[in-house]
A.B. asks: 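Take a look at the following structure, please.
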Amino acid sequence: MKRSDLFLKTRKEVPSDEEAKNAQLLIRAGYIHKEMAGVYSYLPLGFKVLENIKQIVREEMDAIGGEEMLLSTLQHPHIWQSTDRWDDAKVDVWFKSALGEGSEVGFGWSHEEPMSRLMTQFVSSYKDLPVYAYQFQTKLRRELRSKSGLLRGREFIMKDLYSFSRNREEHDKFYALVEQAYHKVYDRMGIGSITYKTFASGGPFAKYSHEFQTISDIGEDTVYLDETKKLAVNQEVSADEVLQELGLERNGLVEKKAVEVGNIFTFGARYSEPLGLFYTDENGVQQPVFAGSYGIGISRLMGLLAEIKSDEHGLVWPAGLAPCKVYLASLGDEEEVRRQANDAYGYLTDKGVSVIYDDRDERPGEKFADADLLGIPYRLVISQKSLESGGFELKKRTSTEVTIVQKDGLSALLTKAGQA
RNA sequence: CGGGGUGUGGCGCAGUUGGCUAGCGCGCCGCGUUUGGGACGCGGAGGUCGAAGGUUCGAGUCCUUUCACCCCGACCA
């Protein structure tokens, strides 16, 4: 991508209506645009980051047998009435509208009901189970107060996976598998070491649900950590009996603020029964499908990563999430510099290394500042001065060290570095 | 939804006890000089001062209503 072709524009000043660091940085860097409170649009570079986050999640969900699909956003009241989750008195986050007189529709804020209902079409025998289906969906929720930039919006993107198993044993095995997959997801995003499996309130079919909480001061949740066991307990369930049951010592726990980046629930027959999701077992007996749901906040992760992976100069995307690998900046307008910059851009692009080529007629300081603000992992500079030093200057976003490299060495170096 | 705060060119802000063609910085356009950490000079464009109503000879400024946004709280992935 040539910078001169992008509609991207960065800002020096922070927007006055954003307090949260993640929103300030992402807006300054031109990754997102605020439409209204708690509602953001994703601009080309922000969209790439979002897609990169999704891709990591997608790979890990596919690896444990997930089948990706996409449910509708518009929801019919009927199926939600059958689980008593349509009434505003029961669920207060519904955005609702009407098709016509006396005919309501809702905008999906979660999808247990439609997914369960849909499965009645495909599940009738024990041979049809288990089923693991997931989607990336824009969820709409009428939050009374959205805040913290991308961390709590009225419109946000979530990965939600639903498992449909024959029985608890089969369910529990998959539940454990999801837990492992989630840890891989967070590891790959560079927040594995500060993300804890956390015990939270359960429901009729499980004593606890589990959250994945990433330690951060911007978090809304308070958790108690056992750092040696790599476990945490949400404050909401941190009674003495619970700690005892989990084998945790209260005085060994540390209180921290954390951001919920994922959760996994055991639902059992809670939605299957009212929605008519049954199967016939080996003995010819009808059984309710044993279900679970598993969420990861995709857009929330983007906000959290911006919050955590940043410094005083701007964003610092982990490899694999950045919108591209290299920020190539040409300095000055000498013929030779221009020629070699174009050459390197073509060369890297051909080798499959994603590049933003800053070909604008701007001063060096501005290009350096943009490379930093955008948080691109590598900065490659070509100028009269760098040519005199023997090639291109390569610098990592996370380091101040500059190395001189030749064009032919670039792609190998960048490919190797990207894998590390 | 309770408490606090803010709305003035695309962005960030100033605007005194009401007073004259509403300013400044950034950004934008043109010309020139510049070129290793967000340059400088000269000349430009761009505003129903959030909206509606009211008081007044006169309202960005005072009053009423309303909308939006931010922060704290309650609620929530």
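Proteins come first, then strands; the chains are lettered A, B, ... in the order of their sequence lines, and each starts at number 1.
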A.B. asks: What's the gap between B:U65 and B:G23 when it is taken at their P atoms, as a whole Å value?
C.D. replies: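 These two P atoms come out 33 Å apart once rounded.
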
A.B. asks: Below 4.0 angstrom, N of the basic side chain to O of the carboxylate: do A:Arg397 and A:Asp311 qualify?
C.D. replies: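 Salt bridge: yes.
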
A.B. asks: So what does A:Val14 touch, heavy atoms closer than 4.0 Å: a base, only the sugar-phosphate, or nothing?
C.D. replies: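 Sugar-phosphate: the residue A:Val14, judged by heavy atoms under 4.0 Å, touches backbone atoms but no base.
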
A.B. asks: Both A:Leu150 and A:Gly365 contact RNA chain B. Taking the nearest nucleotide for each, which residue is further toward the 5' end?
C.D. replies: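 Result of the comparison: A:Gly365.
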
A.B. asks: Quick check for you: among B:U35, B:G38, B:A77, whose closest atom lies nearest to any side-chain atom of A:Asp333?
C.D. replies: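 Between B:U35, B:G38, B:A77, the one nearest the side chain of A:Asp333 would be B:U35.
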
A.B. asks: Could you tell me whether A:Ser110 contacts a base, only the sugar-phosphate backbone, or nothing, with contacts defined as non-hydrogen atoms closer than 4.0 Å?
C.D. replies: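 The residue A:Ser110 makes no contact with any strand.
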
A.B. asks: Indicate whether OP1 or OP2 belonging to B:C70 is found under 4.0 Å from a side-chain N or O atom of A:Lys34.
C.D. replies: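 Checking B:C70 against A:Lys34, a side-chain N or O does come within under 4.0 Å of OP1 or OP2.
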
A.B. asks: Please give the distance between the P atoms of B:G9 and B:A14 as a whole number of Å.
C.D. replies: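 One P to the other, the span is 13 Å.
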
A.B. asks: In residues 206-219 of chain A, which ones come under 4.0 Å of RNA chain B, going by heavy atoms?
C.D. replies: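 Hits under 4.0 Å, by residue number: none.
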
A.B. asks: Report yes or no: is the cationic atom of A:Lys159 (NZ for Lys, CZ for Arg) under 6.0 Å from the centre of the six-membered ring of A:Phe136, at an angle within 45° of the ring normal?
C.D. replies: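 The answer is no; the distance or angle limit is not met.
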
A.B. asks: Show me the side-chain donor-acceptor pairs of residues 11-19 of chain A shorter than 3.5 Å, one per line, residues at least two apart or across chains.
C.D. replies:
from	atom 1	to	atom 2	distance (Å)
A:Glu18	OE1	A:Tyr40	OH	3.3
A:Glu18	OE2	A:Lys34	NZ	3.3
A:Glu18	OE2	A:Tyr40	OH	2.7

A.B. asks: Rounding to the closest angstrom, what is the interatomic distance between B:G2 and B:G53 at atom P?
C.D. replies: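 To the nearest whole Å, 27 Å.
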
A.B. asks: Which listed nucleotide (B:C70, B:G37, B:G12) is nearest to the side chain of A:Ser16?
C.D. replies: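 For the A:Ser16 side chain, the nearest candidate turns out to be B:G12.
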
A.B. asks: Let me check something: any side-chain donor-acceptor pairs from residues 342-349 of chain A under 3.5 Å, sequence neighbours excluded? List them with distances.
C.D. replies:
from	atom 1	to	atom 2	distance (Å)
A:Asn342	OD1	A:Tyr357	OH	3.0
A:Asn342	ND2	A:Arg338	O	3.2
A:Asp343	OD2	A:Lys407	NZ	3.1
A:Tyr345	OH	A:Met1	N	2.8
A:Tyr347	OH	A:Asp408	O	3.4
A:Thr349	OG1	A:Tyr345	O	2.7

A.B. asks: Please give the distance between the P atoms of B:G58 and B:C13 as a whole number of Å.
C.D. replies: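 These two P atoms come out 33 Å apart once rounded.
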
A.B. asks: Mind calculating the distance between NZ (A:Lys12) and P (B:G38) to the nearest angstrom?
C.D. replies: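 Rounded to whole Å, this separation is 9 Å.
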
A.B. asks: Quick one: what's the B/S/- string for nucleotides 5-10 of chain B, heavy-atom cutoff under 4.0 Å, read 5' to 3'?
C.D. replies: ------

A.B. asks: Let's see if you can work this out: which of B:G38, B:A77, B:C28 has an atom nearest to the side-chain heavy atoms of A:Lys9?
C.D. replies: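 In terms of side-chain proximity for A:Lys9, the closest of B:G38, B:A77, B:C28 is B:C28.
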
A.B. asks: Using the C1' atoms only, state how far B:C63 lies from B:C26, rounded to an integer number of Å.
C.D. replies: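 Those two atoms are separated by 36 Å.
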
A.B. asks: So which nucleotide does B:C40 pair with, by the Watson-Crick or G-U wobble rule with both distances under 3.5 Å?
C.D. replies: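 The base-pairing partner of B:C40, which may sit in any strand shown, is B:G32.
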
A.B. asks: In whole angstrom, what separates A:Glu312's CD from B:G37's C1'?
C.D. replies: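 Atom-to-atom, A:Glu312 to B:G37, this comes out as 13 Å.
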
A.B. asks: Taking the minimum atom-to-atom distance to the side chain of A:Glu19, which one of B:A39, B:C71, B:A77 wins?
C.D. replies: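 Selected nucleotide: B:C71.
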
A.B. asks: When the distance from CZ of A:Arg85 to P of B:A77 is rounded to whole Å, what number comes out?
C.D. replies: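 Checked: the CZ to P distance equals 11 Å.
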
A.B. asks: Give each protein N/O atom lying under 3.5 Å from an N/O atom of nucleotides 31-34 of chain B, with the pair distance.
C.D. replies:
from	atom 1	to	atom 2	distance (Å)
B:U34	O2	A:Arg363	NH1	2.8

A.B. asks: Do we count A:Phe156 as stacking onto B:A77 if the rule is ring centres under 5.5 Å and planes under 30°?
C.D. replies: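 Answer is yes, a stack.
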
A.B. asks: Classify the ring geometry between A:Phe212 and A:Tyr186 as parallel (under 30°), tilted (30 to 60°) or perpendicular (over 60°).
C.D. replies: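 The rings of A:Phe212 and A:Tyr186 sit tilted, inter-plane angle from 30° to 60°.
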
A.B. asks: Taking atom P in both B:A39 and B:G46, what distance in whole Å separates the two?
C.D. replies: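 Here B:A39 and B:G46 have their P atoms 27 Å from each other.
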
A.B. asks: A cation-pi test, strictly: NZ or CZ of A:Lys325 under 6.0 Å from the centre of the six-membered ring of A:Tyr378 and no more than 45 degrees from its axis. Yes or no?
C.D. replies: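 Cation-pi check for A:Lys325 and A:Tyr378: fails.
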
A.B. asks: Tell me the interatomic distance from A:Tyr162, atom OH, to B:A77, atom P, rounded to whole angstroms.
C.D. replies: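 For the pair A:Tyr162 OH and B:A77 P, the rounded distance is 13 Å.
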
A.B. asks: Between B:G41 and B:C24, how many Å separate the two P atoms, rounded to a whole number?
C.D. replies: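 Going atom to atom, P in each nucleotide, I get 14 Å.
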
A.B. asks: Scan nucleotides 72-75 of chain B against the protein and return all N/O pairs shorter than 3.5 Å with their distances rounded to 0.1 Å.
C.D. replies:
from	atom 1	to	atom 2	distance (Å)
B:C72	OP2	A:Arg145	NH2	2.5
B:G73	N7	A:Arg145	NH1	3.3

A.B. asks: With nearest nucleotide decided by heavy atoms, which residue, A:Ile382 or A:Glu155, maps closer to the 5′ end of RNA chain B?
C.D. replies: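 Here A:Ile382 is the residue nearer the 5' end.
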
